[in-house]
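Here's the structure we're looking at; comments come further down.
What you are looking at is a predicted structure, and each value in this text was computed from that prediction instead of being measured. Chain letters run A, B, ... following the sequence lines, proteins first and then strands; every chain starts at 1. These values consider heavy atoms only, across backbone and side chains, with no hydrogens, waters or symmetry-generated copies.
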Amino acid sequence: MNGMNRIPVREQDPKVRASNFEEVCLGYNAEEAMEEAARCLNCKNPRCVAGCPVSIDIPRFIQHVKAGEFKEAYDVITESSALPAVCGRVCPQESQCEGKCVRGIKGDPVAIGKLERFVADWAAENGVVPEVKNPKNGHKIAVVGSGPAGLTCAGDLAKLGYDVTIFEALHEPGGVLVYGIPEFRLPKQKVVAHEVENVKRLGVKIETNVVIGKGTTIDELLDEEGFEAAFIGSGAGLPRFMGIPGETANGVMSANEYLTRSNLMKAFRDDYDTPINPGKKVIVVGGGNVAMDAARTALRLGAEVHIVYRRSEEELPARAEEVHHAKEEGVIFDLLQNPTEILVDENGWTKGCKIIRMELGEPDESGRRRPQEIPGSEYVMEADTIIMSLGTSPNPLIASTTEGLETNKRGCIIAQEDNGKSTKDGVYAGGDAVTGAATVILAMQAGKAGARGIDEYIKSLEK
Amino acid sequence: MYKILKAELIADKIYLMDVEAPRIAKYCEPGQFIIAKIDEVGERIPLTICDFDREKGIVTIVFQTVGASTERMAELKEGDFFRDFTGPLGQASEFVKDDLEEVKKRKYLFVAGGVGTAPVYPQVKWMHEHGIDVDVIVGAKTKDLIILEKEMEAVAGNLYVTTDDGSYGRSGMVTAVIEDLVQNQSKKYDVCVAIGPVIMMKFVCLLTKKLELPTIVSMNPIMVDGTGMCGACRITVGDEVKFACVDGPEFDGHLVHFDEAMKRQQMYKTQEGQALLRLREGDTHKGNCK
Ligand SMILES: Cc1cc2nc3c(=O)[nH]c(=O)nc-3n(C[C@H](O)[C@H](O)[C@H](O)COP(=O)(O)OP(=O)(O)OC[C@H]3O[C@@H](n4cnc5c(N)ncnc54)[C@H](O)[C@@H]3O)c2cc1C
Ligand SMILES: Cc1cc2nc3c(=O)[nH]c(=O)nc-3n(C[C@H](O)[C@H](O)[C@H](O)COP(=O)(O)OP(=O)(O)OC[C@H]3O[C@@H](n4cnc5c(N)ncnc54)[C@H](O)[C@@H]3O)c2cc1C
Ligand code: SF4
Ligand code: SF4
Ligand code: FES
């Protein structure tokens, strides 16, 4: 063992997991974690920390893991992060903390994410919870949305002594963590519900089933319900469609619908009422994390699944690990192809899809080579289900019902990056609602910034 | 948890419930809907708001049992709870937002079919409360399926009840009554609001198009979240695709693509049928058909 390679993490066998919803990655046990932690060089100027949007003191927690002091490790992590069991699982570590790790220059970077996950899971299994020591300051703050941005902002404010209430439109808190990311990547009960419970333990109240902007508005929360400031973390849930013929046929749906049925409504389980159309042959259009999740869900529900993406493998926006897992499980990738029309049978059901082949031309504004159609290359792929995974944008509901809250032309709420301040006094915002669809950890970073901004704002009022 | 304060069978397979939901009662308007979820394993069921009491914090819903979820809902009694009850969702009816003086100048005709009488009721009541007399047609298959007749009588200007089989009131479909009022009785209307089964709304619209009577319908596609997040509720209006839960549920009936909407409603039919069988036959059926 020369320390160049990381300790491998145990995973469910691809053949077995392709037909169940159990977690794919099994995580480290204590010995494996301690062994992996020993690879950390405990750098004086840890580059990994700079790569973590919430600046977890990575070397310090890892040193505790190395020594088998898991509770101490947990305390270090929870100083900075309210959702370690989530981040350890879904952060794009390869481009963040681990991407910067010096160990990565000549070998594998330290498995920071897997270690973080181990510590969080250990804490959950051993009943260790974040310490609560909040001197109540009596100020009431409203948080809209219970995704990573809202949960983080609420948790941080509660730690500072604020009386925080989260308003959530759906019947379960968690945002994309409950309705979007599937069970096999992020277990809902064991991980998400547990971390939400930890946020509640800090004193945060969560009111579900309240759609802010329909009925109660931000203005009413501030003017009538006694809240002194509000944080908007309402995400970017509005799905896009392609606008091609046949798209309203039965069997065509957004990835959000497919995933919401399966995750939030638990349609994959026999004992839940909500139906899902699993499909026999499914086409997923798109190449991001969301497309991978939809494809792997369809696979588990028994379908043959094709990912149709208009650029090449190199441009796939999904995390490398997800693409790798999808391939292992048997998802078929049809790259450099794009649907042009959905074919519909006489009962209004999808029977196939007209697809045109693409080639890559000159780079566009994003720096990626622009895909262009190859004339005359159209062909028909049979399919009974087509899942559109073309990205999402913020829901206009809150901005359109809040006086003085401005958005940019993409519909994103305008807010300052360092403190979440919006164009309206006392209103702060962050996460996907501000940036458009991004990542869990960036939403958490924005939630932290918002909490800081609100704290400064309330203190400025007291002067 | 949302307490059921009253649960009544008001006609064959049609139930009325009063539910304690102060946040919704405070803000809801005619035309909007709620989503109810019975328990942990339940579906999210969209239902139009039939009535509300802002002071007491009560919302009234009326529903017909058509599938597994509504059957399960029918078993709930006074004192039971819904685990979740969200709203108000969707847009309020246009006249609520329009200038009242303008609304007062218009002559309205409301057409209700079957359980669609429930969503029509708060609209007619609103008109009544604002001093506007409107004509209301209520139609049902047969006498036993007429609901809210007394309530409607109290708020409507003129009420015309009809049954398909002639067992009560007039005889024939609601479209026959519209024709009679407009053609034989020379009534003039500026706006028609038609709510009922999609097939009824389709035929009302075919007729009112001929009569050049602008018509608003309330669409009830399959929904999941009801907040604009999934697109399950897409319907085509003119040449645009709309999300009924946020853009609607009320739309210009002359532009709605009804045939597509009816096909989309069938989407989960076989699966729902299985869920219903499971519910009725219990364990003897479990797992065999999924
Ligand atoms: C399928 C899928 C897979 C993903 N995979 C990854 C991954 O592997 N790694 C990663 O880092 N990121 C991933 N992402 C992205 C990541 O989940 C999001 O960037 C992140 O969740 C954004 O957090 P947020 O708090 O801003 O918003 P959200 O998580 O979207 O939460 C917003 C919440 O606000 C609620 N809300 C909205 N409007 C209102 C209103 N008017 N009133 C009350 N409540 C409201 C919503 O119901 C929702 O619960 C994935 C996203 C999806 C959809
Ligand atoms: C905005 C909105 C408002 C609504 N308001 C009301 C209301 O006030 N009262 C009420 O009774 N219902 C209303 N509905 C319809 C109601 O939500 C459905 O009847 C219910 O979800 C059916 O659930 P289920 O599981 O019992 O039946 P399912 O198992 O879903 O349905 C069984 C079968 O009935 C068909 N079906 C579905 N909806 C309807 C419908 N509306 N009419 C006839 N057949 C249907 C489906 O095609 C399905 O195959 C509304 C729907 C929407 C979207
Ligand atoms: S939160 Fe994410 S980026 Fe930060 S250390 Fe953990 S896995 Fe890395
Ligand atoms: S950069 Fe890598 S080796 Fe250095 S402290 Fe961070 S994790 Fe440890
Ligand atoms: S029900 Fe999901 S977008 Fe309308």
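- When each of B:Ile61, B:Thr60, B:Ile24 is tested with B:Ile49 by the rule side-chain contact (heavy atoms from CB on, under 4.5 Å), just one qualifies, namely B:Ile24.
- With chain A as partner, the option from B:Gly42, B:Ala21, B:Cys28 having the largest number of non-hydrogen pairs under 4.5 angstrom is B:Gly42.
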Self-check item: side-chain hydrogen bond (donor to acceptor under 3.5 Å, both in side chains) between A:Thr165 and A:Glu207, worked out
Solution: CA-CA 7 Å; A:Thr165 306; A:Glu207 221 186 294; over 6 Å; no
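- A salt bridge does not link A:Asp271 with A:Lys266: none of the charged nitrogens is closer than 4.0 Å to a carboxylate oxygen.
- Heavy atoms closer than 4.5 Å to chain B are found in the side chain of A:Asn395, but not in its backbone.
- Interface remark: A:Ala249 contributes backbone atoms only to the contact with chain B (heavy atom separation under 4.5 Å).
- Ring-plane geometry between B:Phe85 and B:Tyr2 is classed as tilted, the angle between the planes lying from 30 to 60 degrees on a 0 to 90 degree scale.
- Looking at B:Ile235, neither its backbone nor its side chain comes within 4.5 Å of chain A, counting heavy atoms on both sides.
- Of the two parts of A:Tyr179, only the side chain, counted from C-beta on, holds a non-hydrogen atom closer than 4.5 Å to a non-hydrogen atom of chain B.
- Aromatic ring pairs are classed by plane angle as parallel below 30°, tilted from 30° to 60° and perpendicular above 60°; the pair B:Tyr15 and B:Phe63 is parallel.
- For chain B, the nearby parts of A:Thr216 are the backbone and the side chain; heavy atoms of each come within less than 4.5 Å.
- Heavy atoms of B:Thr236 lying under 4.5 Å from chain A belong exclusively to its side chain.
- When the candidates A:Thr208, A:Leu397, A:Asn256 are compared by the number of heavy-atom contacts under 4.5 Å with chain B, A:Asn256 comes out ahead.
- Residue contact with chain B, scored on non-hydrogen atoms closer than 4.5 Å, involves the backbone of A:Glu346 exclusively.
- For chain A, the option among B:Lys26, B:Met262, B:Glu40 with the highest count of heavy-atom pairs below 4.5 Å is B:Glu40.
- Here CE of A:Met265 is found 11.0 Å from CD1 of A:Ile276. Values are rounded to the nearest 0.5 Å.
- Here A:Arg261 pairs with A:Glu257 in a salt bridge; the nearest charged N to carboxylate O distance falls below 4.0 Å.
- Geometrically, A:Arg300 does not engage A:Phe268 in a cation-pi contact, judged by NZ or CZ lying under 6.0 Å from the ring centre and within 45° of the ring axis.
- Between chain B and the residues A:Thr248, A:Asn347, A:Leu238, A:Val211, the largest count of heavy-atom pairs under 4.5 Å involves A:Thr248.
- Of the two parts of B:Arg264, the backbone and the side chain both hold a non-hydrogen atom closer than 4.5 Å to a non-hydrogen atom of chain A.
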